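Only one structure is covered here, and it is reproduced in the block below.
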Amino acid sequence: MHAIIGGTGLNQLGNFELKEDCNLDTPYGAPSGIFQKGTLAGKDIVFLARHGQPHNIPPHKINYRANMHALMQLGVKDVVAINAVGGIHSHMPPTALAVPDQIIDYTWGRQHTIYDGSDGKLGHIDFTEPYTQSIRKGLITAARDQNIDILPCGVYAATNGPRLESAAEVMRIKQDGGDMIGMTGMPEASLAIELELNYACLAVSVNWAAGLHGLEAITMEEIREALESGIKSVEAILSQYLSTT
Ligand code: HPA
């Protein structure tokens with residue numbers, strides 16, 4: 001079964017038929033909120049709003065371990081994560097979509113692993129390829145089937161937030177190879193591997209990253225506008241992807 005983790009702007013899925021709300025507890029505490037079981041494009045899925053419903057959990061306070069553990073408890077095998085990002089790559093203007101293939105983690109202070117030594121178990125997952133290729137390919141094919149432009153690879157840079165970056169920080173991330181910046185891609189991706197879940201990210205650009213197009217401030221208004229249109233493409237891709245998997 002697939003899970004969809006909705007990010008900023010995707011607290012609810014269009015065309016989703018809700019069948020059951022589930023509350024789950026985990027060894028890591030409470031997840032972001034209820035898990036909605038239902039169908040999308042005729043397939044059984046679970047939906048979780050990462051920031052809670054209503055949207056009130058900031059990126060650095062999300063209980064990523066609980067969220068991913070609960071998905072595992074629900075029998076989920078494949079996870080599609082939706083993440084709003086600031087664009088760095090020239091093909092990532094506001095409303096553009098990408099399926100990243102790599103990650104750089106700049107987050108700090110988050111509960112980022114199930115192998116924290118508390119239960120005597122140690123583990124070192126391989127993270128050479130952070131995302132599951134089969135899901136990535138399915139999302140890229142679905143976008144192309146829907147005639148939606150998509151950047152088929154790229155480096156997701158995960159920052160801690162909740163503030164946006166300075167222009168110098170964006171320059172540094174660009175020099176590091178970052179193509180897009182978001183606040184929620186980690187530790188979700190590595191926890192997925194630790195918990196043996198397949199996982200990929202569908203990123204939607206909601207602004208140019210700071211300083212890339214002049215030094216005007218990034219406004220919540222421009223982010224909201226880009227999200228509204230980007231999310232329509234995200235929903236079309238998700239329906240197409242699920243109908244063919
Ligand atoms: N930086 C970090 N996270 C983001 C951004 C950004 O510019 N836009 C949306 N999420």
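Every value quoted in this text rests on a predicted model; they were computed, and no experiment measured them. Counting starts at 1 for both ligands and their atoms, in listed order.
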For [X], the ligand 1 atoms whose distance to one of its heavy atoms is below 4.0 Å:
| X | value |
| --- | --- |
| Val85 | 5 (C), 8 (N), 9 (C), 10 (N) |
| Gly86 | 4 (C), 5 (C), 6 (C), 7 (O), 8 (N), 9 (C) |
| Ala84 | 9 (C), 10 (N) |
| Leu164 | 1 (N), 5 (C), 6 (C), 7 (O) |
| Val206 | 8 (N), 9 (C) |

### Message
Does ligand 1 come near enough to Glu165 that some N or O of the ligand is less than 3.5 Å from an N or O of the residue?
### Response
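Right, the criterion is met.
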### Message
Pairs of nitrogen or oxygen atoms closer than 3.5 Å, one from Asn207 and one from ligand 1: do any exist?
### Response
yes
### Message
Can you classify the ring geometry of His2 versus Tyr241 as parallel (below 30°), tilted (30 to 60°) or perpendicular (above 60°)?
### Response
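If you compare the ring of His2 with that of Tyr241, the planes turn out perpendicular.
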### Identity of the nearest option to atom 3 (N) of ligand 1, non-hydrogen atoms only, from Ile218, Ile181, Thr159, Leu212
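Closest candidate by heavy-atom distance is Ile181.
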Just by distance, no angles: are the side chains of [X] and [Y] close enough, under 3.5 Å, to form a donor-acceptor pair?
| X | Y | answer |
| --- | --- | --- |
| Asn67 | Ser32 | yes |
| Tyr106 | Asp176 | yes |
| Glu188 | Tyr199 | yes |
| Gln133 | Arg136 | yes |
| Thr159 | Glu165 | yes |

